[in-house]
Student: 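Right, I'll just put the structure down here and ask away after.
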Protein chains: 2
Amino acid sequence: MNELEVFKALSNQTRLQILRWLRDPDKHFTPQGHSFTEVGGCVGQIQQKCGLTQSTVSEYLALLQRAGLVTATRRGQWTYYKRNDEAFEQLGKFVQSTL
Amino acid sequence: MNELEVFKALSNQTRLQILRWLRDPDKHFTPQGHSFTEVGGCVGQIQQKCGLTQSTVSEYLALLQRAGLVTATRRGQWTYYKRNDEAFEQLGKFVQSTL
DNA sequence: TTGGCATATCGGAAAAAACCGATATATCTT
DNA sequence: AAGATATATCGGTTTTTTCCGATATGCCAA
């Protein structure tokens, strides 16, 4: 875990919001063939909810992925992003015991 | 706790380093009348260790204080900054259970 | 294999953060 | 009161981040 990269990823209101949505995808996204709890949410739906352009949201999600906070799954033409629960668990412990 | 402000405060290598030093002040700073474990480290010594200018370090410490990650104590002409352990405890829990 | 749709990447303008030197403020000494 | 020392604040330059439109890539259906 690159702590600086992680904190930078978390230093943006929109990205924090996205992570909160992904905490409970079924509540915030409407299914489209795949279970959201399984694969997460797709770029398009996330984009609509935050109101930024497609390219910006795509970059944000890639950035969150690089930081290890979400994982990506390609299903056909869609990419689903899912919260990486373990990363948050680890980060929480790191903040308390090492940082 | 303003989470965005906190994460922004943590998004800088030097500030992360400062927090690590303040985690165990007696190991990293030489005393000068006050117990570091009691009050923390003073701006001058922190400045020397990180090699940036006095004004930059002063601003960094003020920023960490605004984010609630450190507390400040004035003793005569010195200001001592101390790690706010409780804040990190809280932040760790927040990351795991809410973020 | 062509067109449509979802996503990714690129290049750049605008906003924010990093960091500095100069200067102000506060405290101690004499 | 004046000088010395520690810290805080201000104004400005450079670097990074934000966010966009345009375009490229990947996948599917006709």
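Every chain is numbered from 1, with letters handed out A, B, ... down the list of sequences.
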Student: Atom CG of A:Leu64 to atom P of C:dA8: distance rounded to whole Å?
Tutor: 12 Å
Student: Do the side chains of B:Val6 and B:Phe94 get nearer than 4.5 Å, heavy atoms only?
Tutor: no
Student: Start with the C-alpha gap between B:Gln17 and B:Gln13, add the side-chain angles, then the distance that decides, and say whether side chain to side chain contact (heavy atoms under 4.5 Å, CB included) holds.
Tutor: CA-CA 6 Å; B:Gln17 181 62 76; B:Gln13 195 69 72; 5.8 Å; no
Student: Summarise how protein sits on nucleotides 14-22 of chain D as a single string, 5' to 3': B when a protein heavy atom is under 4.0 Å from the base, S for sugar-phosphate-only contact, - for no contact.
Tutor: ---SSBBBB
Student: Once you round it to whole Å, what is the distance between P of D:dT9 and CG of B:Leu61?
Tutor: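 Value for this atom pair: 12 Å.
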Student: Applying side-chain contact (heavy atoms from CB on, under 4.5 Å) between A:Gln45 and each of A:Trp78, A:Phe29, A:Tyr80, report the one that passes.
Tutor: A:Phe29
Student: Please report, rounded to the nearest Å, how far the P atom of D:dT7 is from the CD atom of B:Gln65.
Tutor: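 Computing the B:Gln65:CD to D:dT7:P distance gives 14 Å.
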Student: Tell me the interatomic distance from A:Tyr80, atom OH, to C:dA8, atom C1', rounded to whole angstroms.
Tutor: 17 Å
Student: With the side chain counted from C-beta on, respond yes when A:Phe7 and B:Leu16 share a heavy-atom pair under 4.5 Å apart, and no when they do not.
Tutor: yes
Student: Please assess B:Arg23 against B:His28 for the test side chain to side chain contact (heavy atoms under 4.5 Å, CB included), listing each intermediate value before the final yes or no.
Tutor: CA-CA 9 Å; B:Arg23 171 170 263 278; B:His28 298 289; over 6 Å; no
Student: With a 4.5 Å limit on heavy-atom distance, are the side chains of B:Leu91 and B:Leu10 in contact?
Tutor: yes
Student: Hey, does B:Tyr60 have a side-chain heavy atom less than 4.5 Å from the side chain of B:Ile46?
Tutor: no
Student: Distances for protein N/O vs nucleotides 26-30 of chain D N/O pairs under 3.5 angstrom?
Tutor:
none

Student: Using atom CD of B:Gln47 as one end and atom C1' of C:dA18 as the other, report the distance to the nearest whole Å.
Tutor: 16 Å
Student: Respond yes when some side-chain nitrogen or oxygen of B:Thr79 is under 4.0 Å from OP1 or OP2 of D:dA6, and no when none is.
Tutor: no
Student: Quick one, A:Leu64 and A:Asn84 - any side-chain contact, counting heavy atoms below 4.5 Å?
Tutor: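 Of all side-chain heavy-atom pairs linking A:Asn84 with A:Leu64, none is under 4.5 Å.
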Student: Taking atom C1' of C:dA8 as reference, at what distance in whole Å does atom CH2 of A:Trp78 sit?
Tutor: 16 Å
